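Nothing here was measured: the structure is a model prediction, and the numbers come from that model. Index from 1, following the sequence.
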Amino acid sequence: MMKWLLLVAVVAYVSADSSEDGVSPGAKGTSCKCGWANRVSGSRIIGGRFYNKNEYPFLAAFTVDSNTGYFFLCGGTIITPNHVITAAHCTDDVIKSRQKPFVLLGDHDLSYPSPVVIRVAGIQQHTGYDHLRSDPTNDISILTLASSINFNKNIGPVCLPHPGLDVTGQTVRVVGRFRWPSCLA
């Protein structure tokens with residue numbers, strides 16, 4: 001059975017001066033070093049349409065090793081060659097159980113083998129995160145990877161907002177619904 005999960009990939013995106021807002025020709029179509037989208041000319045997400053293969057290269061899948069493959073836990077976002085950001089509620093059980101976590105990169109539909117799998121060497125939850133709270137305050141973790149990500153047109157970092165950026169009243173983009181089976185072989 002296929003399930004849907006909203007990835008923790010909230011990308012503050014002010015559309016004033018980026019070619020990434022809308023369409024761009026070619027596989028990368030930009031000189032940006034982060035946050036690019038691999039769009040087919042004329043494509044846009046409308047009404048919750050599932051995005052195209054490799055359209056958002058900064059998306060990652062946070063998984064654990066199981067007896068039958070990789071078990072999907074949550075989505076994440078590449079922020080550096082050595083770090084992925086995800087939700088703290090996704091890392092709680094992994095920390096407690098000492099499971100072997102991995103990130104899958106360059107993927108779109110996790111029903112198929114991921115082209116890049118990297119072991120997570122460390123998990124740092126926000127010190128103010130409290131899983132007993134009913135609101136999502138400080139629900140953030142940083143995954144430190146065991147090896148660096150080799151960026152290419154299908155795998156790359158998201159652009160982080162500048163300190164103090166206020167997007168109140170601005171259009172922002174939220175991406176990251178992953179389609180996945182219970183266990184990934």
Side-chain angles (χ1 to χ4, degrees), residues 5-15 17-21 24 27-39 51 53-65 70 72-95 98-108 110 113-129 136-167 170 172-178 180 184:
L5 179 70
L6 179 63
L7 173 86
V8 182
V10 178
V11 182
Y13 186 83
V14 181
S15 61
D17 63 358
S18 174
S19 64
E20 296 310 310
D21 184 29
S24 59
K28 188 172 174 187
T30 182
S31 60
C32 295
K33 295 189 185 316
C34 63
W36 68 85
N38 295 319
R39 292 207 178 96
Y51 52 85
K53 184 175 181 179
N54 299 317
E55 188 170 351
Y56 295 104
F58 45 81
L59 297 180
F62 179 53
T63 67
V64 290
D65 193 10
Y70 296 103
F72 182 87
L73 297 173
C74 280
T77 304
I78 301 167
I79 56 173
T80 76
N82 299 300
H83 299 94
V84 170
I85 192 169
T86 192
H89 72 265
C90 299
T91 59
D92 259 350
D93 289 339
V94 175
I95 292 169
R98 297 183 180 268
Q99 293 174 299
K100 295 178 185 176
F102 293 85
V103 292
L104 309 182
L105 307 169
D107 221 332
H108 173 72
L110 299 178
S114 181
V116 178
V117 178
I118 300 177
R119 186 177 60 82
V120 174
I123 300 172
Q124 181 64 50
Q125 284 186 332
H126 190 288
T127 56
Y129 172 68
T137 303
N138 303 318
D139 187 6
I140 190 168
S141 286
I142 303 291
L143 309 176
T144 301
L145 306 179
S147 59
S148 294
I149 300 169
N150 293 316
F151 294 153
N152 58 53
K153 70 176 188 154
N154 295 322
I155 300 173
V158 72
C159 296
L160 296 175
H162 297 288
L165 176 66
D166 182 2
V167 294
Q170 298 291 318
V172 297
R173 182 169 293 141
V174 179
V175 297
R177 292 182 72 124
F178 265 107
W180 50 279
L184 310 168

Please report the shortest heavy-atom distance between [X] and [Y], naming the atom on each side.
{"X": "I123", "Y": "P101", "value": "CD1-CG, 4.3 Å"}
{"X": "T137", "Y": "Y129", "value": "O-CD1, 4.0 Å"}
{"X": "L105", "Y": "A60", "value": "CD2-CB, 3.5 Å"}
{"X": "S148", "Y": "I118", "value": "O-CD1, 4.2 Å"}
{"X": "F102", "Y": "R119", "value": "CD2-CA, 3.5 Å"}
{"X": "Y70", "Y": "V117", "value": "OH-CG1, 3.4 Å"}

All side-chain hydrogen bond (donor to acceptor under 3.5 Å, both in side chains) counterparts of S141, not counting sequence neighbours: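 side-chain hydrogen bond (donor to acceptor under 3.5 Å, both in side chains) check on S141 returns T91.
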
Sequence-distant partners of D65, side-chain hydrogen bond (donor to acceptor under 3.5 Å, both in side chains), two or more places apart: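 Not a single residue meets the side-chain hydrogen bond (donor to acceptor under 3.5 Å, both in side chains) criterion with D65.
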
Should [X] and [Y] count as side-chain neighbours, where that means a heavy-atom distance under 4.5 Å?
{"X": "L145", "Y": "V120", "result": "yes"}
{"X": "I142", "Y": "I79", "result": "yes"}
{"X": "V116", "Y": "I149", "result": "no"}

Check: T86 side chain, G75 main-chain N or O, donor-acceptor pair, under 3.5 Å: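 It does hold such a pair.
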
Contacts of F62 that satisfy ring pair (Phe, Tyr, Trp, His ring centres under 6.0 Å) - sequence neighbours left out: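 F62: no ring pair (Phe, Tyr, Trp, His ring centres under 6.0 Å) contacts found.
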
Distance in Å, L73 CG paired with Q99 CD, rounded so as to fall on 0.5 Å steps: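 Nearest 0.5 Å value for the CG-CD distance: 7.0 Å.
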
Straight-line distance of Y56 OH to T77 OG1, nearest 0.5 Å: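 Rounded to the nearest 0.5 Å, the OH-OG1 separation comes to 12.5 Å.
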
Candidate pair D92 and Q125, rule side-chain hydrogen bond (donor to acceptor under 3.5 Å, both in side chains), full reasoning: CA-CA 8 Å; D92 259 350; Q125 284 186 332; 2.9 Å; yes

What residues, two or more places apart in sequence or in another chain, satisfy side-chain contact (heavy atoms from CB on, under 4.5 Å) together with [X]?
{"X": "I140", "answer": "I85, H126"}
{"X": "Q124", "answer": "none"}
{"X": "T144", "answer": "H83"}

Candidate pair F72 and L104, rule side-chain contact (heavy atoms from CB on, under 4.5 Å), full reasoning: CA-CA 9 Å; F72 182 87; L104 309 182; over 6 Å; no

